[in-house]
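Report on one structure; see the data block that follows.
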Amino acid sequence: MKILVTGGAGFIGSNFILYWIKNHPEDEIINFDALTYAGNLENLKSIEDNPNYKFVKGNIAQSNEVGPVMSGVDIVVHFAAESHVDRSILEPSSFILTNIVGTQVLLDAALKNNVKRFHHISTDEVFGELDLNDTNKFNERTNYNPRSPYSATKAGSDHLVRAYHFTYGLPITITNCSNNYGPYQFPEKFIPLAITNVIEGKKIPVYGDGLYIRDWLYVEDHVRAIEKVLERGKVGKTYLIGGMTELYPNIEIAKKIVRLLGKDESFIEFVKDRLGHDRRYDVDWSKTKEELGWEPQHNFDDWLKKTVEWYKENESWWKKVKSGEYKKYYKTQYEDGSR
Ligand SMILES: NC(=O)c1ccc[n+]([C@@H]2O[C@H](COP(=O)([O-])OP(=O)(O)OC[C@H]3O[C@@H](n4cnc5c(N)ncnc54)[C@H](O)[C@@H]3O)[C@@H](O)[C@H]2O)c1
């Protein structure tokens, strides 16, 4: 089977490729990625010489670049996106180009080449926010209510993917997952930002009152869920994927991280809140379990500890990433008050 992975040099995409090559060595993988600031081929160093793996640099929003790589592809697994909410607030236009236009360009090429499955990776953020004190969770019937430029563009892409199924009969599946954590996550996202800041002797910036709650999903659990959907998911369907964590507010996670690194709470500081910050996300993945026999296997505290260990052992990976453009972004976002 020939699989086209878009955004395979990013956090989740590279974890997916490493897992797939190990567990399905007979399949051929093409990693199509524009190598934006978030793409990093070092994540895939261990497999770069594998004859069943090939990297092609290209932009999903350019049909002349997408066309040639789609030829002969059986399955598309579409991760490529601008993925960081804070950056979407600073500069939404690249989110519209990549997340909406890019998805449409891929859908057209997939249709033209009769791919057998187009799997789209999306987020629980398309459903908006939940109140802190209610017990509702997002499920397959929750209405879309995106509240950031990022989630609005992901919602747009989900609608397009479904429209290509209903209008043109493209065989699609979609997964909407919660916040991932684990190895190779770019240190602009909360958990790797917090871990690497403390290792560098800097403080963890916690937005607002710190009482924001996410449903944390270990990246390997996510990757196994995608595998199940590709193997057993029903064409046209959407599956929700979440973790099995107790719902810790961000401030508690910051405290856990400083403790794991042997530091105290003076390493935590509250900073100006994110605009339009969603209070709480929580995913009901029981239907996915019922239909596909998938459930998360990694509990939060153990895997947070393992994730902290990974960042301790891979300083050279994240030190390279936390330079240049990253420093400029960090200053705008957390230090000079210009946002
Ligand atoms: N990280 C999370 O917690 C999370 C949660 C829910 C959903 N998602 C979704 O999962 C997917 C992967 O997320 P991630 O965290 O790995 O993202 P990431 O930012 O780490 O990686 C994105 C990858 O896409 C590539 N890319 C960006 N624009 C491109 C373009 N125009 N053409 C080709 N490649 C391009 C980048 O180079 C990078 O390698 C995204 O669709 C995201 O919306 C992520």
Side-chain angles (χ1 to χ4, degrees), residues 4-18 30-44 55-66 69 76-88 93-106 109 119-127 138 146 148-158 161 174-193 214-219 221-223 225-226 238-243 278 281 283 307 318 321 325-326 329:
L4 176 67
V5 177
T6 71
F11 163 47
I12 308 172
S14 58
N15 276 284
F16 174 84
I17 292 176
L18 294 171
I30 301 169
N31 174 12
F32 184 72
D33 195 300
L35 299 183
T36 67
Y37 77 92
N40 189 346
L41 289 178
E42 278 200 30
N43 306 5
L44 298 155
F55 172 70
V56 178
K57 186 167 186 229
N59 184 342
I60 58 165
Q62 297 292 337
S63 55
N64 60 330
E65 295 176 18
V66 168
V69 288
V76 177
V77 187
H78 175 32
F79 294 96
E82 288 292 341
S83 70
H84 190 39
V85 175
D86 288 335
R87 288 185 191 255
S88 83
S93 62
S94 59
F95 286 70
I96 290 159
L97 252 175
T98 288
N99 299 359
I100 299 184
V101 177
T103 299
Q104 177 257 318
V105 168
L106 284 171
H119 182 68
H120 176 58
I121 314 294
S122 191
T123 168
D124 60 355
E125 300 189 29
V126 297
F127 302 122
F138 299 134
S148 73
Y150 164 67
S151 54
T153 59
K154 291 299 287 186
S157 65
D158 293 10
V161 172
I174 298 177
T175 41
N176 292 88
C177 71
S178 58
N179 286 54
N180 286 222
Y181 68 104
Y184 301 116
Q185 185 165 31
F186 193 83
E188 64 186 352
K189 306 279 166 60
F190 181 59
I191 287 181
L193 173 74
R214 269 74 184 119
D215 171 328
W216 291 100
L217 169 66
Y218 189 65
V219 65
D221 280 330
H222 182 192
V223 163
I226 297 168
T238 294
Y239 294 90
L240 263 53
I241 318 290
D278 290 344
Y281 306 134
V283 171
T307 302
W318 57 261
V321 169
E325 191 273 348
Y326 179 89
Y329 160 76

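In this text, all values refer to a predicted model and were calculated from it rather than measured experimentally. All ligand and atom numbering here is 1-based and tracks the order in the structure.
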- Would you kindly check if the NZ (Lys) or CZ (Arg) of Arg87 is within the cone defined by 45 degrees around the ring axis of Tyr37 and under 6.0 Å from the six-membered ring centre? yes

- Could you tell me the separation between the CH2 atom of Trp216 and the OH atom of Tyr281, rounded to the nearest 0.5 Å? 10.5 Å

- Message: Phe11 vs Tyr184, test: ring pair (Phe, Tyr, Trp, His ring centres under 6.0 Å). Steps then yes/no.
- Response: CA-CA 5 Å; Phe11 163 47; Tyr184 301 116; 8.5 Å; no

- Do the non-hydrogen side-chain atoms of Leu44 and Ile17 ever get within less than 4.5 Å of each other? yes

- Could Glu65 and Lys57 be called an ion pair, given the rule that one side-chain N must be under 4.0 Å from one carboxylate O? no

- With Asn176 as partner, the option from Asp158, Asp124, Thr123 fulfilling side chain to side chain donor-acceptor pair (under 3.5 Å) is Asp158

What does the contact table look like for ligand 1 (nitrogen or oxygen on each side, cut-off under 3.5 Å)?
from     : atom 1 : to     : atom 2 : distance (Å)
ligand 1 : 3 (O)  : Asn180 : N      : 2.8
ligand 1 : 16 (O) : Phe11  : N      : 3.3
ligand 1 : 16 (O) : Ile12  : N      : 2.8
ligand 1 : 17 (O) : Ser83  : OG     : 3.3
ligand 1 : 19 (O) : Ser83  : OG     : 2.6
ligand 1 : 20 (O) : Phe11  : N      : 3.0
ligand 1 : 31 (N) : Asn59  : OD1    : 2.8
ligand 1 : 31 (N) : Thr98  : OG1    : 3.0
ligand 1 : 32 (N) : Ile60  : N      : 2.9
ligand 1 : 34 (N) : Ala34  : N      : 3.1
ligand 1 : 37 (O) : Asp33  : OD1    : 2.5
ligand 1 : 37 (O) : Leu35  : N      : 3.4
ligand 1 : 37 (O) : Thr36  : N      : 3.0
ligand 1 : 37 (O) : Thr36  : OG1    : 3.1
ligand 1 : 39 (O) : Gly10  : N      : 2.9
ligand 1 : 39 (O) : Asp33  : OD1    : 3.2
ligand 1 : 39 (O) : Asp33  : OD2    : 2.6
ligand 1 : 41 (O) : Phe79  : O      : 2.9
ligand 1 : 41 (O) : Lys154 : NZ     : 2.7
ligand 1 : 43 (O) : Tyr150 : OH     : 2.6
ligand 1 : 43 (O) : Lys154 : NZ     : 3.1

